[in-house]
Amino acid sequence: MSLDFGPAVGLSCRECGARYPLGPSFACLECFGPLEAAYDFGEVTREQIESGPANIWRYRALLPVPADVTEKPNMNPGWTKLVKAGNLGRTLGIKNLYVKDDSGNPTHSFKDRVVAMAVEAARNFGFHTLSCSSTGNLAGAVTAAAARAGLEACVFIPANLEQAKIAMARVFGGKLIGIEGTYDDVNRFCSELIGDPLGDKWGFVNVNLRPYYAEGSKTLAYEIAEQLGWRLPEQIIVPIASGSQLTKIDKGFQELIKLRLVEDTPYKIFGAQAAGCSPVSTAFKAGHDVVRPVKPDTIAKSLAIGNPADGPYVLDIARRTGGAVEDVTDEEIVAAIKLLASTEGVFAETAGGVTVGVLKKLTENGVLDPEALTVVLNTGDGLKTLDAISDDAVPTAVIRPSLDAFRATV
């Protein structure tokens, strides 16, 4: 079987550095550390990138995909808005604030980016079915991408997910299996299924295709830098579920520096968690290197991973860059959703409420520099998590159709 992963030349263990050929593998045979894509980049210029399509494939020379990826049926996510958040910035006292709003992706979350990578890997390996364990957004992204690519889909979720996310995952076809338990229970089940004949020729996007899938989050870093005029933000706030997104944003920034596409300027990365599922934040505050698993209990279900695989790497990056990891309560999450919506017209899902809530908290605590160029991520659409604001889902007033009634109400 001939494989074409563009500039990716192999897999490398993040722990011990052992190298492996490209394949559907995710764990090092030497130390059981996670594998990630390793590259041999050629010359990549700003002009080359800027001449590409208005989606993630403008960065195909930096991703594990073939050069002809644009010619294949794909969801073509990316190139979402970087919103200059002047109103929110003035409210919080931050001089230069932007919101990277990834709700504009095809299934309205950043997961379309990572799934696009997994689809190309599945094609390379001859898989016929896409699968995943999901807290919601990923399930919809996988079933949509599979439909577009002509693949089968079978995805697994905790049975108590938000109804809007369940509906989205079902409408694209494929099988949606609810598991009694938490996301971590779902993930363990999928790991067992990979070794069973039932899972033969299945590409589990966040397990056996994870080294390729995870690279999609780098495109957030690339876009932010390009949209800022080829410069790095000084501060960025990223939500933490598994922690992979935060680590890959850091990797993306580092690649841009090494390729001299941006100036090597310092940046701080801040992680954001919900207080009801904050194992990484707890470890950071305690000065620990080990992240102890917790049982999630939060409205931010897309971030409800009690045993985050990349938690230790998040700690390393936050400390190396001078950032931090913080958490906010469910009440603070809801307040932050409303704050972002009422100041910038951006309706975030609960994960966006977490990042904006942490942005507010860190600013009030003097941890963030109010003068620094700051970016906060919103990774999904608020229409997916309407339950979070259901108390406000009523008219301001109900009146008779007359001016007198309206005057009395006003």
Side-chain angles (χ1 to χ4, degrees), residues 79-105 108-110 137 220-221 223-229 231-240 245-246 249 267-275 281 298-300 302-303 318 321 323-386 388-389 391-393 396:
W79 203 243
T80 54
K81 293 180 180 179
L82 184 68
V83 179
K84 182 72 168 75
N87 296 330
L88 179 61
R90 282 186 290 274
T91 300
L92 298 180
I94 303 172
K95 184 177 180 180
N96 202 3
L97 178 64
Y98 291 83
V99 175
K100 180 59 171 171
D101 184 15
D102 241 25
S103 65
N105 277 310
H108 308 288
S109 91
F110 93 95
N137 284 325
L220 277 163
E223 286 181 22
I224 289 168
E226 184 178 354
Q227 289 170 329
L228 288 174
R231 56 179 175 156
L232 301 180
E234 296 171 272
Q235 302 174 144
I236 184 168
I237 297 89
V238 183
I240 299 171
Q245 183 185 71
L246 186 148
I249 286 175
Y267 59 87
K268 295 180 179 181
I269 297 185
F270 297 84
Q273 291 201 291
S281 174
T298 174
I299 61 171
S302 62
L303 304 183
T321 64
V325 185
E326 186 55 89
D327 56 83
V328 285
T329 66
D330 284 358
E331 292 75 18
E332 289 172 311
I333 293 168
V334 172
I337 291 171
K338 295 176 181 177
L339 176 63
L340 178 61
S342 63
T343 56
E344 299 298 343
V346 174
F347 185 17
E349 72 161 40
T350 48
V354 170
T355 53
V356 174
V358 166
L359 170 73
K360 181 176 185 291
K361 188 173 184 178
L362 292 177
T363 303
E364 291 172 347
N365 293 345
V367 177
L368 285 178
D369 180 356
E371 300 293 319
L373 174 56
T374 305
V375 174
V376 60
L377 266 58
N378 172 45
T379 52
D381 194 317
L383 291 174
K384 294 186 175 190
T385 57
L386 288 173
I389 58 161
D391 289 346
D392 280 351
T396 304

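Note that CG of L246 is 6.5 Å distant from CD1 of I249, once rounded to the nearest 0.5 Å. With rounding to the nearest 0.5 angstrom, the OG1 atom of T355 is 8.0 Å from the CD1 atom of I237. One distance of note links CD of Q227 with CH2 of W79; it measures 4.5 Å at 0.5 Å rounding. The CD1 atom of I224 sits 4.0 Å away from the CD1 atom of I236 when rounded to the nearest 0.5 Å. The line from CG of D330 to OG1 of T298 is 4.0 Å long, rounded to the nearest 0.5 Å. From I333, atom CD1 reaches atom CD1 of I389 across 13.5 Å, with rounding to the nearest 0.5 Å.
Side-chain contact check for V238 versus Q245: some heavy-atom pair is nearer than 4.5 Å. Looking only at side-chain heavy atoms (C-beta outward), L340 and L88 come within less than 4.5 Å of each other. Counting heavy atoms from C-beta outward, L359 and L368 have side chains that approach closer than 4.5 Å.
Evaluation of the side chain to side chain contact (heavy atoms under 4.5 Å, CB included) rule for E364 yields K360 as partners, not counting sequence neighbours. Residues passing the side chain to side chain donor-acceptor pair (under 3.5 Å) test with N105, sequence neighbours excluded: D102. Taking K384 as the reference, nothing meets the salt bridge (charged side-chain N to carboxylate O under 4.0 Å, His left out) condition, with sequence neighbours excluded. Taking A324 as the reference, F270, F284 meet the side chain to side chain contact (heavy atoms under 4.5 Å, CB included) condition, with sequence neighbours excluded. With sequence neighbours excluded, the residues that form a side chain to side chain donor-acceptor pair (under 3.5 Å) with T374 are Q235. Qualifying side chain to side chain contact (heavy atoms under 4.5 Å, CB included) partners for S103, counting only residues two or more places apart in sequence or in other chains: D101, N378, D381. Scored by the side chain to side chain donor-acceptor pair (under 3.5 Å) test, Y267 finds D250, Q254 as partners (sequence neighbours excluded). By the side chain to side chain contact (heavy atoms under 4.5 Å, CB included) test, T91 is found to be paired with L339, T343, residues two or more places apart in sequence or in another chain being considered. In this view, T321 satisfies the side chain to side chain donor-acceptor pair (under 3.5 Å) rule with no residue, not counting sequence neighbours.
Here the shortest heavy-atom pairing between A274 and V354 reads N-CG1, 4.0 Å. Residue D327 comes nearest to A275 through the heavy atom pair OD1-CB, 3.6 Å, listed as atom of the first residue, atom of the second, then distance. Minimum heavy-atom separation, S302 to N137: CB-ND2, 4.1 Å. In terms of heavy atoms, A300 sits closest to T350 at CA-OG1, 3.4 Å. Residue I240 comes nearest to G271 through the heavy atom pair CD1-CA, 3.6 Å, listed as atom of the first residue, atom of the second, then distance. Across all their heavy atoms, A388 and V334 have their closest contact at O-CG2, 3.5 Å.
In this structure, E223 contributes its side chain and T80 its backbone to a donor-acceptor pair below 3.5 Å. Side chain of Q273 to main chain of S281: a donor-acceptor pair is present (N/O by atom type, distance under 3.5 Å, no hydrogens or angles). For the pair T379 (side chain) and F110 (backbone), a donor-acceptor distance under 3.5 Å is absent.
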Next item on the list: Take V376 and Y98 through the test side chain to side chain contact (heavy atoms under 4.5 Å, CB included) and record every step on the way to the result.
Entry: CA-CA 6 Å; V376 60; Y98 291 83; over 6 Å; no
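Using a cut-off of 4.0 Å between Lys/Arg side-chain N and Asp/Glu carboxylate O, E234 and K268 are scored as not salt-bridged.
The salt bridge (charged side-chain N to carboxylate O under 4.0 Å, His left out) pairs that include a residue from residues 82-97 are K95-E371, where partners are two or more places apart or lie in different chains. Residues in residues 332-357 take part in these salt bridge (charged side-chain N to carboxylate O under 4.0 Å, His left out) pairs, two or more places apart or across chains: K165-E349, K338-D392.
Residue K81 places its NZ atom among 12 or fewer non-hydrogen atoms of other residues, nucleotides or ligands, all under 6.0 Å distant.
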